[in-house]
Amino acid sequence: MKNSELDKLDEQVKDFNDAILREDDDSDSDIEGHKLMVGLFSSWAKSHRAKCEMLTNKNKKKKRKRREERPTTHPRNKYSENPPDFAHLASLYPSFKPFVFFSRHGRPRIDWTDFNATRELTRVLLLHDHRLNWWIPDGQLCPTVPNRSNYIHWIEDLLSSDIIVKTTSNGGDKVRGFDIGTGANCIYPLLGASLLGWSFVGSDVTDVALEWAEKNVRDNPHISELIEIRRVENGKETLPLEGSHNEMLISTASKIDLTENMGRETALSPSSSSNSSNLHPNANKRYCGPPILLGVVREGEEFDFCMCNPPFFETMEEAGLNPKTSCGGTPMEMICPGGERAFITRIIEDSVTLKHTFRWYTSMVGRKFNLKILTSKLWEVGATMVKTTEFVQGQTCRWGLAWSFLPPAKKIASSHVAVKNNLSFMLEGLDRKFSAINVLQSVESFFCSSGALCNLNTSSFTVDVTTTKDHLDAVLKSESQHCGRVASCEDVQEATISSSCLNLPPNNLSFRVSVFQQIPGTLLVKGSLQHRESQVSGSFSSIFQRLEEDLKQKFCRRK
């Protein structure tokens, strides 16, 4: 209940009370009864008001929490902390000034429904913040720079994460990307090359898009060598047989059909009922248009990633449903039968054949409903890794979808990070005939048998062990023979002398084993690493575990 309604309730209580008191002809008992009723009603109203206020505050907290949890601009995005200052840009660029006006609160604004205003803003931002010369003709899709930067930085995250092994043979740390449908704006190659030094192939099919994309590349000679604009032949859609990318083309009628069950899955999706009214009647159509990756990627080419701003819609009427923005866009850029789901499904189909040609396949997605369906398709076709994210810029929300067929990288932890200085274990259930000194002697024998140098101290119940890498290997392999007795002893003695000067050779290991009496029948065996800087210190835990197995087998009663 709103505060205005609660205030009205209070006024009604007051009016009711006044009306009762004005009735002079009532007896005293009637007035007392009415007063009692008013008191009860007033108490109820106050209680009801308190509950409503509590619910209102609770809802406010929930909304605030949702706003706080909402994804924001990528932290490396140039506009994350400093959004574009329209007033400042207008003062620097006279061509932009006519499009800027001020709200009643004094904030500089532009009319987002004016294509000329959004195009000029993009031109100015690319020039001012990225040193890029840029322009597109009327009607072409006009990108928003902050939103497109989010996508670039997300791909940067994927590549730098090393969760997928780098396999491309481009040399060094050079990154090569493929922009599907780069458009006249060529925004992704321009940003990727200027921000990160990436090289790109940008593909498109229309003459206007190719002409202006090439012009935007030429107008920026400092990065022009990094970007290739490639024409896609707009022929009959085909898919190649296994093996070659561009030869032995066959009809797509039966090769890979991921859209076959889309209608059934839509009906089963939990959110299908709420979204069904928004779906075009032809939402389950297959993509039937120019080649996307197959037939465009050349034989032997390798890329770190591909990216795509797909045609999100089925019809131009659907594309124009948002009255708050005007970013232009031709039918080739905005629509295709089946919309974004059919288009991205074709990218998935192509990726199944191209497999390791790309380290990462990625695409932007406009509807979260489609994201769920596409993600499940990727697992079905055998993707080894699938990643998603959300791009938020102002009131616009898009999602990122990435997948790979490469095996995930195996994380090998450094031994210097994993090693512990102190390890211990318990020997429980010892036979009465064994004591701590017997265990201590067995520890000495265990390491001496592999050639290590041991110094037993019966007064402190310790054994100091210094061993080489060869002796460690012998212990781990359970080899009891000496590893070249004379040579080993010399090596160990030399290591002992060096360790006394706190300069242990990098391939030697020094540690102390102590034995403590806990309770009758139970001993604590503790190992302490003396020099953690040793290159073989990571073997300490394995050696100590092997010692534990040996001692328990010798001294502990079997249950």
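Atoms considered below: every heavy atom in the structure, side chains included; atoms not considered: hydrogens, waters and symmetry mates. All values reported here derive from a predicted model rather than from experimental measurement.
Considering all non-hydrogen atoms of both residues, Met364 and Ile344 come closest at O-CD1, 3.6 Å. Summarising the geometry of Gly366 relative to Arg398, their closest heavy-atom pair is CA-CD, 3.7 Å, with the distance given to 0.1 Å. Across all non-hydrogen atoms, the minimal contact from Cys308 to Phe343 is SG-CE2, 3.6 Å. In terms of heavy-atom proximity, Glu156 sits nearest to Leu196 at OE2-CD2, 3.5 Å. Closest of all the heavy-atom pairs between Ile164 and Pro407 is CD1-O, 4.1 Å. Scanning all heavy atoms of the two residues, the minimum distance from Trp360 to Leu158 falls at NE1-O, 3.7 Å.
Annotation: the span from Phe358 atom CZ to Ser351 atom OG amounts to 9.5 Å, rounded to 0.5 Å. The CG atom of Asn216 sits 12.5 Å away from atom OG of Ser224, with the distance rounded to the nearest 0.5 Å. Interatomic distance, CG of Asp138 versus CG of Asn116, reported as 6.5 Å (0.5 Å rounding). In this structure, the separation between CZ on Arg359 and SG on Cys306 is 13.5 Å, given to the nearest 0.5 Å. Between atom CD1 of residue Ile152 and atom CG of residue Asp157 there is a gap of 11.5 Å, rounded to the nearest 0.5 Å. With values rounded to the nearest 0.5 angstrom, His153 atom NE2 is found 8.0 Å from Lys78 atom NZ.
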>> Determine whether Lys387 and Ile163 satisfy the following criterion, side-chain contact (heavy atoms from CB on, under 4.5 Å), listing intermediate values before the conclusion.
In response: CA-CA 11 Å; Lys387 293 287 183 181; Ile163 54 178; 3.6 Å; yes
> What do the steps show when you test Cys186 against Ile229 for side-chain contact (heavy atoms from CB on, under 4.5 Å), and what is the final call?
Replying inline: CA-CA 9 Å; Cys186 194; Ile229 303 302; 3.9 Å; yes
> Step by step, would you call His128 with Tyr93 a side-chain contact (heavy atoms from CB on, under 4.5 Å)?
Replying inline: CA-CA 9 Å; His128 183 74; Tyr93 301 94; 3.1 Å; yes
> For Lys215 and Trp135, what are the C-alpha separation, side-chain angles and deciding distance, and is it a side-chain contact (heavy atoms from CB on, under 4.5 Å)?
Replying inline: CA-CA 9 Å; Lys215 183 180 186 307; Trp135 191 249; 5.8 Å; no
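Looking at heavy atoms from C-beta onward, Val217 lies out of side-chain contact with Pro189 at the 4.5 angstrom threshold. Counting only heavy atoms from C-beta outward, the side chains of Pro143 and Trp134 approach each other to under 4.5 Å. Contact check for Leu159 versus Ile155: side-chain heavy atoms found under the 4.5 Å cut-off. The closest side-chain heavy-atom distance from Leu190 to Ile223 is below 4.5 Å. Considering only heavy atoms from C-beta on, Ser103 comes within 4.5 Å of Arg109 through its side chain. Residues Lys355 and Leu406 have side chains not in contact (no heavy-atom distance under 4.5 Å, counting atoms from C-beta outward). In this structure, the side chains of Lys377 and Val386 stay at 4.5 Å or more apart for every pair of heavy atoms. Between Thr375 and Leu401 there is a side-chain heavy-atom pair separated by less than 4.5 Å.
A salt bridge does not link Glu390 with Lys368: none of the charged nitrogens is closer than 4.0 Å to a carboxylate oxygen. Using a 4.0 Å cut-off between a side-chain N of Lys or Arg and a carboxylate O of Asp or Glu, Glu228 and Arg298 qualify as a salt bridge. Using a 4.0 Å cut-off between charged side-chain N and carboxylate O, Lys174 and Asp304 make no salt bridge.
Partner Thr122 forms a side chain to side chain contact (heavy atoms under 4.5 Å, CB included) with one of Thr118, Leu126, Val124 and no other, that one being Leu126. With Phe200 as the fixed residue, the ring pair (Phe, Tyr, Trp, His ring centres under 6.0 Å) test singles out one of Phe178, Tyr188, Phe305: Phe305.
A donor and an acceptor atom, one from each side chain of Arg231 and Ser203, are nowhere located under 3.5 Å apart. Side-chain contact annotation: Ser95 with Glu120, donor-acceptor N/O pair under 3.5 Å present. In the model, Asn370 has a side-chain atom that pairs as donor or acceptor with a side-chain atom of Glu340 under 3.5 Å. Between the side chains of Thr144 and Asn147, no donor N or O sits under 3.5 Å from an acceptor N or O. In the model, Tyr79 has a side-chain atom that pairs as donor or acceptor with a side-chain atom of Asp129 under 3.5 Å.
In this structure, the side chain of Ser80 does not engage the main chain of Asn77 through any donor-acceptor pair within 3.5 Å. Side chain of Asp204 to backbone of Val232: no donor-acceptor contact under 3.5 angstrom is found. No donor-acceptor distance shorter than 3.5 angstrom exists from the side chain of Asn133 to the backbone of Asn220, with no hydrogens or angles considered. Proximity of a side-chain donor or acceptor of Ser91 to a complementary backbone N or O of His88 within less than 3.5 Å is detected. No donor-acceptor pair closer than 3.5 Å links the side chain of His130 to the backbone N or O of Leu125.
More than 12 heavy atoms of other shown residues, nucleotides or ligands fall within 6.0 angstrom of atom CZ in Arg76.
Between Phe369 and Trp399, the ring centre distance reaches or exceeds 6.0 Å. Checked against the 6.0 Å centroid criterion, the rings of Tyr361 and Phe303 do not qualify as a close aromatic pair. Side-chain rings of Phe391 and Tyr151 approach one another, their centers coming within less than 6.0 Å.
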